[in-house]
Undergrad: 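Below you will find the structure I want to go over with you.
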Protein chains: 2
Amino acid sequence: MDMDSRKEKILEAVVLDYIQTAEPVGSRTISKKYNLGVSPATIRNEMADLEEMGLIVQPHTSAGRIPSDKGYRYYVDYLMQHDQIKKEARDYIQESIKKKTTEVEETVNNILDILSTTTHYTPMMLINEQQADHSLQLLQLLPLEAGRALMVIVTDDDKIENRFIQIPPQFGKEDLELVSQMLNMHLKGLSVDGWQKNVLENIFSQLQRQKQVVDSALGMLAGILHKNNNSEEKIYYKGGLNMLTQPEFQDVGKVHNILMTLENKEVVNKILNNNNINEISVKIGTEHDIPDLQDCSIIVASYKNNGKEIGKVGLLGPKRMDYSNSMAVLDVLLKDLNGGESDE
Amino acid sequence: MDMDSRKEKILEAVVLDYIQTAEPVGSRTISKKYNLGVSPATIRNEMADLEEMGLIVQPHTSAGRIPSDKGYRYYVDYLMQHDQIKKEARDYIQESIKKKTTEVEETVNNILDILSTTTHYTPMMLINEQQADHSLQLLQLLPLEAGRALMVIVTDDDKIENRFIQIPPQFGKEDLELVSQMLNMHLKGLSVDGWQKNVLENIFSQLQRQKQVVDSALGMLAGILHKNNNSEEKIYYKGGLNMLTQPEFQDVGKVHNILMTLENKEVVNKILNNNNINEISVKIGTEHDIPDLQDCSIIVASYKNNGKEIGKVGLLGPKRMDYSNSMAVLDVLLKDLNGGESDE
DNA sequence: ATTAGCACTCAACAACCTCGAGTGCTAATA
DNA sequence: TATTAGCACTCGAGGTTGTTGAGTGCTAAT
């Protein structure tokens, strides 16, 4: 049995109507609301075929049909109109994006807010910490009270790190200045793997007396510059409560499960990382393997800045979510974040 | 009509049983489970009195009784045993507290975690930023590329602040060093209101050439030391989902209201600040004036460190919450945080 | 190929009944 | 006088039954 144009129209009608009403869709409804020019009886026959093909299901005899996961998939892949979102929504997004802040955390929060309020689903984000090593812009040791100093390090991306360090009590301002100058001179502009053995030996030989301090300073410096190891992916999500407004989630137990699942960062990580695609991706119901979220769908897109992926953005909603609008919103948001239409 | 010992025992039985079972308590149950040595009939008479006094209510004819807000209040004020919490719970708390961290945020999170897991209610915290001005421990200007410098400031409480500042392009390392030394020399150990006019004039007169830089450095310094203005109270809460496990909150709409309310920082602030008491305080149902939380009770305690209040800790639960245990947990936790038994 | 017609199914809803936990009242009892 | 046994009464919870209506599948006519 094959899909023909009419079957597709009927499937589309079932999906659209169910997305809108959350009620099983009957043949009469389709015949009336979506003018295909055929009678309910004909539609019934077609629906029986669609059911046989596994695209729609009946919750029980004498109920209308609702889309199966496979049905949603067919809709998303072949039938869905890639809408433009409303101008006002687009304006809102573009307006909201403008308050760009320096703190990653705030930017992320802003994005989550925008998505949560425009879609009423549950947005989440994953940010990859910068993977590249950093190089040194400035290092300075400053004397505090006896035995204690402050190390200030500025990396090439203008990030500042401060560390208190222990120094021998007799260590004076001049010693610190000397160490600072030596380290600055030899290591400025270099990342950790640019540290050549002979340079380090050179430093140590010139700073025999301050060896201990140099040692600990270098250790800390290396830790700060070398981000590979402690690079962690940060996870954020918001608007879990939006789920509570969906008619399919009126059961407290169910909702509790879903929300508990979202609290688990590993799961959210899995959701967002599962698909290492470049484009936008949709996982419907059982297509992802998180049991507690099998009544949900997830749209994941890659979050770029100047063409470089720096994270993922996800949007969790009921399977009955408005895929078209959601994807359009994500699209607009992410393109604008990426600085205009430069993508693609 | 007065309370006598027997009425109190019956009220206590109603409260305790209802806290435990979440079901209206009948006269037979009391007679059987709480051996008062009298028959159900007698208990019925007494219960009628208690109802007349407004301490218990009947959800409907032919149901048992449940405590009214006033009944809970009487229980909390006069009847409740101030239990010791179980040794294992105490051990758990004391163990968990140990991982004290430097970041306020982490400490708070830790406390919220402890409360959430031990009580299964919804803990929240408010932290008053330090109100007092700080004094200067160290100030240093460090040269970056031409026209740009880094200002490092260490305050008396070892907090480090960094600011980039603009400097005239011809400004050299020596100028920066000079400015640093002068500011350090004259202002070290002082808070903003210790800045005497003649000292400032002195600085400016000696640093004519660097006036502009000194100006902006002083401005930033003042902002950093003078905390009064930007002192904001920070609000945290956790474990809102715990509410979902309570049998009285099986209605999604209700839960949604409650959780939305908690998202509102102003409300949480109000909850925690409403009572400017020193001791631990309990607000039951309508005693606090937040409509959406009138099915809940809130225990608020003052969070001290070395005898000084630095915030509040709250615990939100159903009216049917275990007041005795909750208060005991809070008590142990806060006393331990305050460094042993020093309080009172 | 389409559709009108019809018998059939089943969830949702309402009406009704029964059960039992719980009450208040009264009269007997200690 | 305080307590209690006894009893009639109330009412929610839960089960049964009947009705309704939306929806189906099948068949025969177009």
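Only heavy atoms go into these numbers, but all of them, side chains included; no hydrogens, no water, no symmetry mates. Letters A, B, ... are given to chains in the order of the sequence lines, protein chains preceding strands, and every chain is numbered from 1.
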Undergrad: If you round to the nearest 0.5 Å, how far is CE of Met3(B) from CG of Leu55(B)?
TA: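 Answer for the CG-CE pair, Leu55(B) versus Met3(B), is 5.5 Å.
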
Undergrad: Reading DNA chain D from 5' onward, which residue's closest nucleotide shows up sooner: Gly37(B) or Thr29(A)?
TA: Gly37(B)

Undergrad: What is the distance, rounded to the nearest whole Å, between atom CD of Glu51(A) and atom P of dG23(D)?
TA: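 Glu51(A) atom CD is separated from dG23(D) atom P by 15 Å.
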
Undergrad: Asp4(B) CG to dA2(D) C1': how many Å, rounded?
TA: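 It works out to 12 Å between those atoms.
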
Undergrad: Heavy atom of residues 56-72 of chain B under 4.0 Å from DNA chain C: which residues?
TA: Gln58(B), Ser62(B), Ala63(B), Gly64(B), Arg65(B)

Undergrad: Are any protein N/O atoms closer than 3.5 Å to N/O atoms in nucleotides 15-20 of chain D? If there are, list each pair with its distance.
TA:
none

Undergrad: Would you indicate whether the side-chain heavy atoms of Ile93(A) and Ile85(A) approach each other to under 4.5 Å?
TA: yes

Undergrad: Between Met47(A) and Arg44(B), just flag the one whose closest nucleotide in DNA chain D comes earlier from the 5' side.
TA: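 The 5'-side residue here is Arg44(B).
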
Undergrad: Do Met47(B) and Val14(B) touch side chain to side chain, with heavy atoms closer than 4.5 Å?
TA: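 SC-SC contact between Met47(B) and Val14(B) confirmed.
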
Undergrad: To the nearest Å, give me how far apart CG (Leu36(B)) and P (dA2(D)) are.
TA: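 Rounded to the whole Å, the gap is 18 Å.
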
Undergrad: NZ of Lys33(A) versus C1' of dG23(D): gap in Å, rounded?
TA: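 Spelled out: NZ on Lys33(A) to C1' on dG23(D) is 16 Å.
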
Undergrad: For Arg90(B) and Gln84(B), which I'm curious about, is there any donor-acceptor pair between the side chains at under 3.5 Å?
TA: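 Result is no, nothing qualifies.
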
Undergrad: With sequence neighbours left out, write down each residue that passes side chain to side chain donor-acceptor pair (under 3.5 Å) with Gln20(B), or none if nothing qualifies.
TA: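 With neighbours one apart ignored, the set is empty.
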
Undergrad: Please list, chain by chain and in numerical order, all residues satisfying side chain to side chain donor-acceptor pair (under 3.5 Å) with Asn325(B), sequence neighbours excluded.
TA: none

Undergrad: Roughly how far, to the nearest 0.5 Å, is the CD atom of Gln246(B) from the CZ atom of Arg320(B)?
TA: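 Between Arg320(B) CZ and Gln246(B) CD, I get 5.5 Å after rounding to 0.5 Å.
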
Undergrad: My understanding is that only residues two or more places apart in sequence, or in another chain, count here; which of them pass side chain to side chain donor-acceptor pair (under 3.5 Å) with Glu46(B)?
TA: Arg6(B), Lys7(B)

Undergrad: Please collect all side-chain hydrogen bond (donor to acceptor under 3.5 Å, both in side chains) contacts where either partner lies in residues 53-71 of chain A, sequence neighbours excluded, each pair once.
TA: Glu51(A)-Arg65(A), Asp69(A)-Thr286(A), Asp69(A)-Lys319(A)

Undergrad: Give every donor-acceptor pair under 3.5 Å between a side-chain atom in residues 291-298 of chain A and any protein atom, sequence neighbours left out.
TA:
residue	atom	partner	partner atom	Å
Asp292(A)	OD2	Thr261(A)	OG1	3.4
Gln294(A)	NE2	His288(A)	O	3.4
Ser297(A)	OG	Tyr323(A)	OH	2.7

Undergrad: Where does DNA chain D pair, written as one dot-bracket string 5' to 3', with Watson-Crick or G-U pairs under 3.5 Å, ( ) inside the strand, [ ] for crossing pairs and | for another strand?
TA: ||||||||||||||||||||||||||||||

Undergrad: Does Tyr74(B) have any ring-ring contact (aromatic ring centres under 6.0 Å, His included) partners at least two apart in sequence or in another chain, and if so, which?
TA: Tyr78(B)

Undergrad: Give every residue pair that meets the ring pair (Phe, Tyr, Trp, His ring centres under 6.0 Å) criterion with at least one member in residues 237-274 of chain B, sequence neighbours excluded.
TA: none

Undergrad: Considering residues at least two apart in sequence or located in another chain, which fulfil the side chain to side chain donor-acceptor pair (under 3.5 Å) criterion with Arg44(B)?
TA: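 Partners of Arg44(B) by the side chain to side chain donor-acceptor pair (under 3.5 Å) criterion, ordered by chain and then number, come out as Ser27(B).
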
Undergrad: Using a 4.0 Å cut-off to any heavy atom of chain A, which nucleotides of DNA chain C are the first and last in contact, reading 5' to 3'?
TA: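 The footprint of chain A covers dT2(C) to dA11(C).
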
